[in-house]
Number of protein chains: 2
Amino acid sequence: MELSVRKNKILAAVVDRYILTGEPVGSKTVAAMLDHAVSSATIRNEMAELCELGYLEQPHTSSGRIPTQKGYRYYVDRLMGRYELASDEMYRIERQLESASSEPEALLIKASAILAELTGCAGISTTPKDEYTVIKKVELVPIGKKTIMVVLATSSGLLKSKVCRMDVPITLDLIELFYNVAAANFIGVRVSDIHAPLLQNIAASLGEKAFDMLGLVNAVADLAQICTSSELVLEGEANLLNHKELEANALELLTFLQDGDLLSKMLAERNSQLSVTIGKENVFKELENSSMILSSYSVLGQRAGSVGIIGPTRIDYARLIPSIKFLSQLVGKLLSDVTESD
Amino acid sequence: MELSVRKNKILAAVVDRYILTGEPVGSKTVAAMLDHAVSSATIRNEMAELCELGYLEQPHTSSGRIPTQKGYRYYVDRLMGRYELASDEMYRIERQLESASSEPEALLIKASAILAELTGCAGISTTPKDEYTVIKKVELVPIGKKTIMVVLATSSGLLKSKVCRMDVPITLDLIELFYNVAAANFIGVRVSDIHAPLLQNIAASLGEKAFDMLGLVNAVADLAQICTSSELVLEGEANLLNHKELEANALELLTFLQDGDLLSKMLAERNSQLSVTIGKENVFKELENSSMILSSYSVLGQRAGSVGIIGPTRIDYARLIPSIKFLSQLVGKLLSDVTESD
DNA sequence: GTTAGCACTCAGCATATAAGAGTGCTAACA
DNA sequence: TGTTAGCACTCTTATATGCTGAGTGCTAAC
């Protein structure tokens, strides 16, 4: 629904001001912000209507107005200004991020931390979801007589490892056999294609030797599984305590975030390039006082994950969104760089 | 300094009760706890003396008493009962922990999480400090034309990796040369012995080929460095918000913990088997309202790290200490298992 | 449609009062 | 000399009261 030009201006003024100060905004203040083009009484009339329409609300009968979630939504969709990052700021972020670009996980931890610091909110991101990437290399690293480490590297730069304890001493034969099996069945295969049927095939083809090998083959399957599921990275949760509107539910909120599983699923479902989720628009009631801004990044043209923030609904959307967008593009670029030289 | 038997009983009663309820404890309550062996008036006299001696204090002129830090210290050192874990509880913990025992870091994350859940505090631990362990294996995993992954495994089961970007395409010659260099200079060497002079030696012996190799050699050195320094693991920080005595400084506290560097150093210096640090006994003022209980674990007889908790000073020391001790022994045992088969 | 003016509402603050918990002290007791 | 009963006193907590100021809704005039 479209509001009148003047209502737009008033709503924008209220939201801008409220984001800035956190105090309810009165008609006089708005009149001043609009250069007294109309008097405060007129503003009052308009604001009363905006209340009825559900864009504003009053904490108490006679105080200024604050935006409702509907108000924020309207503001984000139509009213807010678009800012650009200063180029020196962009440069600074780029430098910081590049210093951690050697591994995807480190990169996303860094990205989340940068966002947390930049925004005063919690920084959040998901590691690249790799179901289309293939296994690049499988290596065994013997540790002890019966202990061996299985290392799996994917074409997207992920490296995962797992220690495997065997029931029998590890022989050179076994290792050689494993490398043969790996070359035949794993290398060049999509991580998402390492599933039960394939494993059974392998076991069958091995015959009597299958038993000793089973642990190693399963380890590879486990690692492949880990590679397909993207992981949640959260940094700067403590920042959320800074926002007094979140304090009341700080415990629930932080506990929820720390758990991560639910959140992780939620992020996986997102598919727009930029998503702003305000208050109760969030599925989980732990987030009903929070907003989430996420921007997805792509690796080699393929949507791979997201970076963003979680903060209070009262948040400077106009300034933060460009930062988050910029960072997501940067993450995509750096991750593509790691991979592209293939 | 030794107190009279009766003062001991009274102090113990006050601390026990205060830990339980969080409310100041009055003379009448204490009299009841001691089965009215003496009247409340007598208790009052004794409590007044305990105040003068610095073991108790009054939040306001006329309220019950609460323990001072000195009081807690005395209680922990001499008064508190010793509990034992129920054997089914021990079994439950053992099972949980074993499920994550494949890698040292996962194990300690799990241990911290268990402690956090068990105690309602933040669980904390350090990964094994490995300066005496030796490099077991160094592997190269090619990723792209100019990108290669360096993997380092230590005898203690640690596995670290780093992506290395080269200026020139990676050739088989280079890889072979690296493996020769590694076999001659790294394998079997203590991680703490990989330092600048050794690197210079290697560079010198390589002559003109040193340039291409430098990145790889440096990567190994970086990884060795990472192995020597133990890492801090923190779980369940959100639990701290449950304790109202910490709420006032929750932001500072969580920020401090999240940073970790300082804390990490502090933990490294600890050398007693069990350490209880109460309030201002902590070096950092962010922790002056907190207590820390740490128990060190040993891997193959060698002190390697610690596990424990951080919580408010008002905490059930008597019940938590046995849990923490038990967990530290368990961690040591599981880590030794991973390593022993060498 | 806009504005000035005014009565009204309500949060926030300060002050006053009462109740209750617990103390310190004194004097009597064993 | 150590212990106890009794009592006045202190201080927190809760509740009630009044005041102030910001901001409103409404009405009447422009």
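The analysis underlying the following values was restricted to heavy atoms, covering all of them including side chains, and did not include hydrogens, waters or symmetry mates. Quick caveat, the model's predicted, so the values are computed rather than measured. Quick note on labels: first sequence line is chain A, next is B, and so on, each numbered from 1.
Separating the NZ atom of A/K28 from the P atom of D/dT24 is a distance of 10 Å, rounded to the nearest angstrom. Taking atom CD of A/Q58 as the reference point, atom C1' of C/dA11 lies 13 Å away to the nearest angstrom. The distance between atom CD of A/E49 and atom P of C/dG1, rounded to the nearest whole Å, is 10 Å. Distance CD (B/E23) to C1' (D/dT12): 12 Å, rounded to an integer number of Å. Remark: P of C/dT2 and CD1 of A/I43 are 10 Å apart, rounded to the nearest angstrom. Between A/R17 atom CZ and D/dG23 atom C1' there is a gap of 15 Å when expressed in whole angstrom units. Nucleotide C/dG22 holds its C1' atom 16 Å from the CD atom of B/E57, rounded to whole Å.
Every stem involving DNA chain D, taken as at least 3 paired positions in a row under the Watson-Crick or G-U wobble test at 3.5 Å, is listed here: C:1-30 with D:1-30.
The existence of a salt bridge linking B/R65 and B/E57 is excluded, since no basic side-chain nitrogen approaches an acidic carboxylate oxygen closer than 4.0 Å. The pair B/R73-B/E281 counts as a salt bridge, with a side-chain nitrogen and a carboxylate oxygen less than 4.0 angstrom apart. One finds a salt bridge joining A/R92 and A/E89 here, because a Lys/Arg side-chain nitrogen approaches an Asp/Glu carboxylate oxygen to under 4.0 Å. Under the 4.0 Å criterion applied to side-chain N and carboxylate O atoms, B/E288 and B/K285 are not assigned as salt-bridge partners. A salt bridge between B/E23 and B/R17 is absent, with no side-chain N of the basic residue lying under 4.0 Å from a carboxylate O of the acidic one.
Between the side chain of B/T119 and the main chain of B/L115, a donor-acceptor pair closer than 3.5 Å is present. Without hydrogens or angle criteria, A/N239 side chain to A/A122 main chain gives no donor-acceptor distance under 3.5 Å.
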Might you list the N or O atoms of the protein lying below 3.5 Å from N or O atoms in nucleotides 9-11 of chain D, with each pair's distance?
{"unit_1": "D/dT10", "atom_1": "O2", "unit_2": "B/S62", "atom_2": "OG", "d": "2.3"}
{"unit_1": "D/dC11", "atom_1": "OP1", "unit_2": "B/T61", "atom_2": "OG1", "d": "2.8"}
{"unit_1": "D/dC11", "atom_1": "O5'", "unit_2": "B/T61", "atom_2": "OG1", "d": "3.3"}
{"unit_1": "D/dC11", "atom_1": "O4'", "unit_2": "B/S62", "atom_2": "OG", "d": "3.4"}

Which protein N or O atoms sit under 3.5 Å from an N or O of nucleotides 2-6 of chain D?
{"unit_1": "D/dT3", "atom_1": "OP1", "unit_2": "B/R6", "atom_2": "NH1", "d": "2.8"}
{"unit_1": "D/dT3", "atom_1": "OP2", "unit_2": "B/R6", "atom_2": "NH2", "d": "2.8"}
{"unit_1": "D/dT4", "atom_1": "OP2", "unit_2": "B/S39", "atom_2": "N", "d": "3.0"}
{"unit_1": "D/dT4", "atom_1": "OP2", "unit_2": "B/T42", "atom_2": "OG1", "d": "2.5"}
{"unit_1": "D/dG6", "atom_1": "O6", "unit_2": "B/R44", "atom_2": "NH2", "d": "3.2"}

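In this structure the side chain of A/N8 reaches within 4.5 angstrom of the side chain of A/E2, judged on heavy atoms. Side-chain contact between B/Y18 and B/Y72: present, with at least one pair of heavy atoms (C-beta onward) separated by less than 4.5 Å. Here the side chains of B/H243 and B/L246 are in contact, with some heavy-atom distance below 4.5 Å.
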Check the pair A/I66, A/V15 against side-chain contact (heavy atoms from CB on, under 4.5 Å), reporting the backbone distance first and the verdict last.
CA-CA 7 Å; A/I66 63 176; A/V15 178; over 6 Å; no

